[in-house]
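For ligands, and for the atoms within them, numbers begin at 1 and follow the listed sequence. Keep in mind the model is a prediction, meaning the values are calculated, not measured. Counting begins at 1 with the first residue of the sequence.
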Amino acid sequence: MTPLMGVNLAIGGMVLFVGSAIGSFLNVCIHRIPLDQSIVWPSSYCPSCQAPIRASDNIPILSYLRLRGRCRACQASISIRYPIVEGLTGLAAVGCYLWLGLTVEAVSLFLLFLLLLPATVIDLDHRIIPNELTYAGLIVGVGLSVVRPGLAWTQSLAGALTGGMILLGIRQLGQVAFKQESMGLGDVKLMVMIGAFVGWKAAIISIFLACLLGTLFSIPILVREARGGQRGTHQIPFGPFLSGGGLLAAVLLKTPWFPWPG
Ligand SMILES: [Zn+2]
């Protein structure tokens, strides 16, 4: 191994560790934001027995493995979701770093991931997308565009506006067609935020990809329901698909071969 490879490996390892530590903080956000609890105080505790978690038991992924997924104090099992969120966030950090280097664009993409992952998990759990995430995300997205080489601030604002308008339109159509609320305002705000990170063209691509992903995912459920003679009993949240579409579009935005018009 050459010294340069050693340095690169060390930096990569550090990015992975910092990324998964941020993922550990995301777990706190996912648990506490829907409960309207502070995300900074108190420090991590076991949701079952409320015992504070020692710093040495709070190492991303490794602590979960060492404790075999159980709380040290009460032995309650800890959801596998915790290390998964930590691992995904660590990998996202490394991915952004290896692909885009230590750049504003890499930071923007990673920040978008940091907003979309909790939005997805909270929407799956509670069927809400907290304003804390989407409002903060909108401010971060527009603010970053002032210093981003890849997206002008006018583009960012146009993206937020386009994303929001299209989803409001879809929401209105859904209300007319199904005579009930088919999409929450949380989804609209999420798309406003995504638009601020990707601009108006990629906002349209995001919505298209979200609809595509949502349809592919819904077909087996609808088929099963049709066979069982029931209809429309499953409410499928749209936030996770918007998040997936938004992240894919943000990646495509940085992909040179993708045929972006004009
Ligand atoms: Zn416990």
How many protein N, O or S atoms sit closer than 2.8 Å to the Zn ion (ligand 1)? 4
Would you name the heavy atoms of R171 and L185 that are closest together and state the gap between them? NH1-N, 3.7 Å
May I ask you to check whether Y82 and Y64 place their ring centers less than 6.0 Å from one another? no
Under 30°, 30 to 60°, or over 60°: which ring-plane class applies to F113 and F110, parallel, tilted or perpendicular? parallel
So which heavy atom on M191 is nearest to which on G163, and how close? CG-O, 3.6 Å
Just wondering, more than 12 heavy atoms not from F258 lying within 6.0 Å of its CZ? yes
In terms of side-chain heavy atoms, does T120 have a donor or acceptor partner in S243 at a distance below 3.5 Å? yes
